[in-house]
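So the structure is just underneath, and the comments pick up after that.
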Amino acid sequence: MKNVIQTSLAPAAIGPYSQAIRKGDMLFVSGQLGIDPATGNFVGGGVTEQTARVFKNIRAIVEEAGYTMDDIVKTTVFLADMSDFAAVNEVYAVQFESSFPARSAVAVKTLPKNGLVEIEVTAIK
């Protein structure tokens, strides 16, 4: 059986999907944007601020499901502009206390709502 994970500490889904799905020991977190759940808008600033908010959203969902950031085994980073890679990496590097998860990073033509960065994660207990 799969369990839908939902928290008000992360933005509500903006389409027909769930914030996350837990199946067995695995947690699949949908791509998160730099949206503040309190306002429904992107946080001010640029890619650094959006990336920090993305990780706040991810952490809220992961913890709602009973996982920790160190349970994350895979991330996929989507960038609107690959020249933002270094700035995203600076924020990314401080999110994990032990080993880093496996990661893919790609530049895409456009992200939802014209975001600058979107990150999805998979966690396993």
Side-chain angles (χ1 to χ4, degrees):
M1 174 191 304
K2 67 181 183 180
N3 298 311
V4 174
I5 306 302
Q6 172 71 34
T7 178
S8 62
L9 299 177
I14 57 175
Y17 62 90
S18 300
Q19 287 177 334
I21 295 291
R22 182 177 178 178
K23 174 83 173 173
D25 291 338
M26 298 186 72
L27 179 68
F28 302 91
V29 178
S30 293
Q32 295 298 303
L33 298 165
I35 294 175
D36 181 339
T39 66
N41 297 317
F42 284 104
V43 295
V47 72
T48 298
E49 292 79 10
Q50 283 192 24
T51 304
R53 182 72 239 187
V54 164
F55 276 107
K56 285 181 183 176
N57 296 340
I58 289 170
R59 184 178 303 273
I61 295 167
V62 166
E63 290 177 354
E64 178 70 22
Y67 290 71
T68 70
M69 294 296 285
D70 284 332
D71 292 323
I72 295 173
V73 296
K74 173 70 169 80
T75 66
T76 304
V77 178
F78 303 95
L79 297 165
D81 186 341
M82 192 55 85
S83 67
D84 289 332
F85 186 75
V88 169
N89 249 355
E90 285 184 32
V91 177
Y92 185 101
V94 299
Q95 302 303 316
F96 305 95
E97 293 181 15
S98 61
S99 58
F100 292 110
R103 179 177 78 177
S104 302
V106 296
V108 296
K109 182 177 178 184
T110 309
L111 288 168
K113 299 182 97 175
N114 292 314
L116 302 176
V117 59
E118 179 175 4
I119 301 174
E120 66 180 23
V121 305
T122 302
I124 301 175
K125 278 229 179 222

Over all atoms of both residues, closest heavy-atom pair of [X] and [Y]:
{"X": "V106", "Y": "M82", "value": "C-CE, 3.8 Å"}
{"X": "P37", "Y": "S8", "value": "CB-O, 3.7 Å"}
{"X": "A80", "Y": "G115", "value": "CB-O, 3.6 Å"}
{"X": "Y67", "Y": "A123", "value": "CD2-CB, 3.8 Å"}
{"X": "S104", "Y": "K74", "value": "OG-NZ, 2.9 Å"}

Working to the nearest 0.5 angstrom, can you tell me the gap between [X] [atom1] and [Y] [atom2]?
{"X": "L111", "Y": "L116", "atom1": "CG", "atom2": "CG", "result": "8.0 Å"}
{"X": "L27", "Y": "I72", "atom1": "CG", "atom2": "CD1", "result": "8.5 Å"}
{"X": "I21", "Y": "N3", "atom1": "CD1", "atom2": "CG", "result": "8.0 Å"}
{"X": "Q6", "Y": "Q19", "atom1": "CD", "atom2": "CD", "result": "4.0 Å"}

Side-chain donor/acceptor pairs under 3.5 Å, residues 53-64, sequence neighbours excluded:
residue : atom : partner : partner atom : Å
R53     : NE   : N57     : OD1          : 3.0
R53     : NH2  : N57     : OD1          : 2.9
N57     : ND2  : L33     : O            : 3.0
N57     : ND2  : I35     : O            : 3.1
N57     : ND2  : R53     : O            : 3.4

Following the transitive rule for hydrophobic clusters with a side-chain heavy-atom cut-off under 4.5 Å over Ile, Leu, Val, Met, Phe, Trp and Tyr, establish whether [X] and [Y] coincide in one cluster.
{"X": "V47", "Y": "F42", "result": "no"}
{"X": "V91", "Y": "F78", "result": "no"}
{"X": "V77", "Y": "V108", "result": "no"}
{"X": "V29", "Y": "M69", "result": "yes"}

Between P112 and I14, is any pair of side-chain heavy atoms under 4.5 Å apart?
yes
Answer whether the closest heavy-atom distance between the side chains of Q32 and I119 falls below 4.5 Å.
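No - every pair of side-chain heavy atoms lies 4.5 Å or more apart.
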Are the side chain of Q50 and the backbone of G45 linked by a donor-acceptor contact shorter than 3.5 Å?
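Here the side-chain-to-backbone pair does not exist.
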How about NZ on K125, more than 12 heavy atoms from neighbouring residues, nucleotides or ligands closer than 6.0 Å, or not?
yes
Step by step, would you call F28 with E120 a side chain to side chain contact (heavy atoms under 4.5 Å, CB included)?
CA-CA 8 Å; F28 302 91; E120 66 180 23; over 6 Å; no
Begin with the C-alpha distance, continue with both residues' side-chain angles, and end with the deciding distance and a verdict on side chain to side chain contact (heavy atoms under 4.5 Å, CB included) for E90 and T48.
CA-CA 8 Å; E90 285 184 32; T48 298; over 6 Å; no
Please lay out, stage by stage, how D84 and V117 fare under the test side chain to side chain contact (heavy atoms under 4.5 Å, CB included).
CA-CA 9 Å; D84 289 332; V117 59; over 6 Å; no
Cation-pi geometry met for R103 and Y92 (6.0 Å, 45°):
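Satisfied, under 6.0 Å and within 45°.
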Could you please spell out the steps behind the side chain to side chain donor-acceptor pair (under 3.5 Å) verdict for T68 and D70?
CA-CA 5 Å; T68 70; D70 284 332; 5.1 Å; no
